[in-house]
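Some notes on the structure that comes next.
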Amino acid sequence: MTETSKNELIAQLKAEIHQNPDLTTMSDEQLRFLIQKNLEDKIDWARTNQPDVYRELSSLNFREKRFIANAVYESIRGLGVLGQIIADPEITEVMINGYRDIFVERSGRLQKLENHFESRQELETIITKFVSQSGRVVNESEPIVDTHLEDGSRVNVVMPPVALNGPIVTIRRFPREAMTVQKLISYGSITPEVAEVLELLVRARYNIFVSGGTGSGKTTFLNALSNFIPRDERIITIEDSAELQIKNIDNLVRLETRNAGPDGSGAITIKDLIKSALRMRPDRIVVGEVRGAEALDMLQAMNTGHDGSLSTGHANSTYDMLSRLETMVLQGAAGLPLEAIGQQIASAVDIIIHLSRLRDKSRKTMQIVEILGYDTATRTFRINPLYEFRESPQSTKEKVAGKLVRTEHPMQNVQKLENAGIYRTI
């Protein structure tokens, strides 16, 4: 059965179900039963009345029937077309450019879908539904919002009049199961040796930044690193919209920012949450992403007894991450001398792990470095590369071959390892 035929069948079933006078009082279970019965009745009716249609309908297997029934259910009780899309586990990103144009990412490749929303009103209704469920508001006076779906997927919404071609929705999906280091190894992002080293660094309470471009896997990597945090510690996570999936910590506090209300008041920023977290007796603070003036508060937390803290940041390289941290600190403290900012960063950040998305769409760990200090004379950071991704001659345009290898530079900043009772060469 073609995709077009399936969409037509879904539309027919949806129209028939909407004519049922008891629709609004049905339980979810009753609605699902009704949809399934209507589908089977339609197939039986076609057997004697429309042989050509029956031949197409009878080719549907159990999985396809379930997909069609779920699509009809989602259109009535759920998120409509969007519910159908996010039910597909292979889709990692959804881009809705107005109600007619929907693009998705599968296996790192973008493609346009045939199905779309019936109208702009339907799309706006669905947006209002999932935004309100997370306690947020989006309208013409507040046209931009960051939120998340029930499954943890991160959502950005931009509404008219800011968006000229209708409501824009961008959804970043995350695996239902939290990322583990074993999975990173199987994907070729790191090696077993690197995994062992990272475990020692986390256990020894090194402050670690994960940097990379958009879609490079920073949050995913941070989730994997969190598995190394000892279970008996108190961890506080701080995020713009909750994405982290830390599973192995019992004493876990999750904090999320809040946008300003319609009157412009009530906003709670990452900066506010970091300050509050410092009063909550954390062993470590995990900030989903540092973007602005909150960088200064994060660095001060790392420098004042909260070793082992983790965070991520957008950057194109390790040096770029350090430079961006300088810029972000200046946003919150414009009067600070650049030398003082550099020394603060060098003192706070121990390790930077840089990730990248390569030309074959694979995500790889490109570099792991330790920060040794800040040279006030040249205003540059002194870094020591520990691991670097080296591409092999077998690489092609379609497939990148290579792995993360140890450099010839021994790790110099080993005091925290020794304080944790770890005596080995890294």
Side-chain angles (χ1 to χ4, degrees), residues 92 146 148 152-154 172-187 189-190 194-195 197-231 233-249 252-257 270 273-274 277 282-291 294-295 298-299 301-302 306-315 318 321 324-325 328 348-357 363-371 387 404:
T92 55
D146 290 307
H148 53 81
S153 299
R154 184 177 69 195
R172 171 75 57 80
R173 302 193 65 204
F174 298 97
R176 293 186 184 275
E177 296 182 5
M179 180 57 64
T180 64
V181 171
Q182 288 70 30
K183 288 182 181 179
L184 289 178
I185 294 172
S186 68
Y187 297 153
S189 179
I190 59 175
V194 173
V197 168
L198 291 177
E199 180 176 7
L200 294 176
L201 295 177
V202 173
R203 280 174 43 204
R205 305 180 68 85
Y206 282 79
N207 293 321
I208 299 175
F209 246 84
V210 181
S211 68
T214 300
S216 59
K218 299 183 294 297
T219 302
T220 299
F221 201 98
L222 192 60
N223 273 323
L225 279 182
S226 70
N227 292 324
F228 294 139
I229 298 175
R231 194 182 190 100
E233 293 188 9
R234 177 172 170 82
I235 310 302
I236 297 179
T237 66
I238 298 171
E239 302 174 81
D240 264 334
S241 66
E243 301 169 14
L244 293 171
Q245 298 171 296
I246 299 178
K247 303 293 187 183
N248 64 318
I249 302 297
L252 175 67
V253 177
R254 303 177 70 206
L255 304 178
E256 185 180 55
T257 62
I270 286 184
L273 293 178
I274 292 176
D283 287 309
R284 304 179 195 234
I285 297 174
V286 180
V287 179
E289 184 178 339
V290 175
R291 292 193 181 97
E294 70 273 5
M298 180 66 187
L299 294 173
M302 289 177 167
H306 299 92
D307 283 341
S309 295
L310 309 171
S311 188
T312 75
H314 273 79
T318 301
M321 185 71 255
R324 287 205 67 233
L325 279 172
M328 288 187 283
V349 181
D350 298 312
I351 301 290
I352 293 182
I353 302 169
H354 184 69
L355 313 178
S356 185
R357 195 170 186 182
R363 297 172 174 88
K364 294 287 191 294
T365 303
M366 303 304 293
Q367 197 176 41
I368 300 176
V369 306
E370 65 169 329
I371 311 303
Y387 290 88
L404 203 59

Would you check if [X] and [Y] make a side-chain contact, meaning some heavy-atom pair closer than 4.5 Å?
X	Y	value
Leu310	Ile229	yes
Ile353	Leu225	yes
Val181	Leu198	no
Leu404	Ile368	yes
Phe221	Ile190	yes
Asn207	Leu299	no

Using the side chain to side chain contact (heavy atoms under 4.5 Å, CB included) definition, which of the options Leu244, Thr237, Ile208 pairs with Leu222?
Leu244
Checking side chain to side chain contact (heavy atoms under 4.5 Å, CB included) between Ile238 and each of Thr257, Ile274, Val290, which is the one that passes?
Ile274
Is it true that the side chains of Ser356 and Ser216 contain a donor and an acceptor less than 3.5 Å apart?
no
Testing the basics here: between Arg284 and Arg203, what is the closest heavy-atom pair and its distance to 0.1 Å?
NH2-O, 4.0 Å
Can you see which heavy atom on Ser226 is nearest to which on Ile246, and at what distance?
OG-CG1, 3.6 Å
To the nearest 0.5 angstrom, please state how far the CD1 atom of Ile371 sits from the CD1 atom of Ile351.
7.5 Å
Carboxylate-amine/guanidinium proximity below 4.0 Å for Glu289 and Lys218
no
Pairing of Arg154 and Glu239 as salt bridge, 4.0 angstrom limit
no
Whether the side chain of Asp283 engages the backbone of Arg234 through a donor-acceptor N/O pair (distance < 3.5 Å, no angle test) should be reported.
yes
